[in-house]
Number of protein chains: 2
Amino acid sequence: MQIRKEELTAALIDYLLTHGLSELSLRPLAAELGTSARLLIYHFDSKEGLLAAAMDAMHTHLRHSLQALAEAEAPKGIKPLRRFWDWAIAAENLPYMKLLYELQMLAVRNPETYGPFLQNSAAGWLALVKRIMPDDERDAAMTSLPIAVFDGLFLELMSTGDRRRTTRALDRFIELVEQARLHRAQAVRKPRKAATRKRGA
Amino acid sequence: MQIRKEELTAALIDYLLTHGLSELSLRPLAAELGTSARLLIYHFDSKEGLLAAAMDAMHTHLRHSLQALAEAEAPKGIKPLRRFWDWAIAAENLPYMKLLYELQMLAVRNPETYGPFLQNSAAGWLALVKRIMPDDERDAAMTSLPIAVFDGLFLELMSTGDRRRTTRALDRFIELVEQARLHRAQAVRKPRKAATRKRGA
DNA sequence: CTTGACGTGTAACGATCGTTACATGTAACG
DNA sequence: CGTTACATGTAACGATCGTTACACGTCAAG
């Protein structure tokens, strides 16, 4: 019955992964962990310390898992963005990603409460995104776009649970980027310019 | 009858627009409205009734404002998606949109609390989106995509407040769709390769 | 003037919150 | 053995939560 801090943290994350952050309360949490609120405070000093430990563990999990993805050999024919998506919606990462997005949203409205738990995970994402977009598109707006597509689709996935639809939409975006790149390549090779502009709606 | 209730609802929304939903408490709310918690319960029956009234008013505002947009004459040269974006980030709509997104996220984790306040605003969006994508792309994935782009960029706007960057990214997406359409049109006119058709991943 | 509905203030209820006081059990070490 | 440090249980504290009881004032209708 002697649970130490690390074991507590692991169980704590499991709890947060299914119950979310916003309505966390010490006593119900302690009840499900088989301990008491007293113990949680003893080990984590305060509720905030408890949240800090949990959020840190979450970030650590995601960082390690993402690093493993980056180091693994990339299969041919799968675009980085799609590979990132598959990683995110994999069973072992999806709950963590949901928690991360929940944190991000809560931090928008309650920065003083949740802001301290934000780590710059976007920096990690960016390293991957850098390889997604064509080089000549690497301005700020064009790195924003794939991340926004990812975020938006992940949002829809969280709301509807529709993996097929969201994944297909992501593939459509990738095709779109491909086609546009191809089109630009052709336009450079044979610059006919204004003659091809016709539909504007 | 019940004139007081309408005034209260208006003030209530103003409060929620700036303070958010997740940490709403009757007494601080009442204090800022210059009344008492007693009064709020008297007029709205319960906290849930109060939230219901507020969320209904929010949906009503958005629906009316969006309808006004749909009925207004569309300026030439501005794509519908961009027009929708400009509407959403306009000063009079942005706080409502933020509140809507907050509601949507809270409903993901706490459906029993916030689910009842969800109305199918996506249906309203869809009517606009229908005119955004080219006709031959109107499958489910391709209507998901612009909405996801919008959602993702709006999320980033909420987090960073960077209007310029997000708006520019949206414009890039629109260009992307345009270029892809143009490319496909050329491919149809001179079908050199079958590679530009659908690939099954 | 009386009645009764609406609106409001004060105060309290029971529940739950994060946190703390106090006592105790366990086990390693001198 | 006793000491010491960590771990744990029981209970309670004060604060705040949504909600309710009760009394009072206003004002139009009878």
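Residue numbering restarts at 1 for every chain, and letters A, B, ... go by the order of the sequence lines.
As rounded to whole Å, 9 Å separates atom C1' of D/dT19 from atom CG of B/Leu26. Between the CD atom of B/Glu23 and the C1' atom of D/dT16 there is a distance of 13 Å, rounded to whole Å. Separating the CG atom of B/Leu40 from the C1' atom of D/dT19 is a distance of 12 Å, rounded to the nearest angstrom. Here the P atom of nucleotide C/dT16 and the CG atom of A/Leu29 are 16 Å apart, to the nearest Å. Protein atom CG of A/Leu51 is 10 Å distant from nucleotide atom P of C/dG18, rounded to whole Å.
With sequence neighbours left out, B/Ala90 forms a side-chain contact (heavy atoms from CB on, under 4.5 Å) with B/Glu92, B/Asn93. For B/Glu156, the side chain to side chain donor-acceptor pair (under 3.5 Å) partners are A/Ser144, B/Arg165, not counting sequence neighbours. With sequence neighbours left out, the side-chain contact (heavy atoms from CB on, under 4.5 Å) criterion links A/Asp56 to A/Thr60, A/Gln119. Residues that satisfy the side-chain contact (heavy atoms from CB on, under 4.5 Å) test with B/Arg109, not counting sequence neighbours, are A/Lys98, A/Leu99, A/Glu102. Annotation: side chain to side chain donor-acceptor pair (under 3.5 Å) contacts of B/Gln67 (sequence neighbours excluded): B/Glu71. With sequence neighbours excluded, no residue forms a ring-ring contact (aromatic ring centres under 6.0 Å, His included) with B/Phe44. A/Thr113 pairs by the side-chain contact (heavy atoms from CB on, under 4.5 Å) definition with A/Asn110, B/Glu23, not counting sequence neighbours.
At distances below 3.5 Å, not a single donor-acceptor pair connects side-chain atoms of B/Ser65 with backbone N or O atoms of B/Leu62.
In this structure, the helix from C/dC1-D/dG30 to C/dG30-D/dC1 shows an angle of 30° between the axis at its start and the axis at its end, each fitted on 5 base pairs and rounded to 10°.
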Expected string for nucleotides 8-15 of chain C under the B/S/- scheme (protein heavy atoms, under 4.0 Å, primed atoms plus P, OP1, OP2 as sugar-phosphate) is BBB-B---
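Contact annotation: B/Ser25 side-chain N/O to D/dG18 OP1/OP2 distance is under 4.0 Å.
A/Leu24 comes within 4.0 angstrom of sugar-phosphate atoms only, judged by non-hydrogen atoms across all strands, and of no base.
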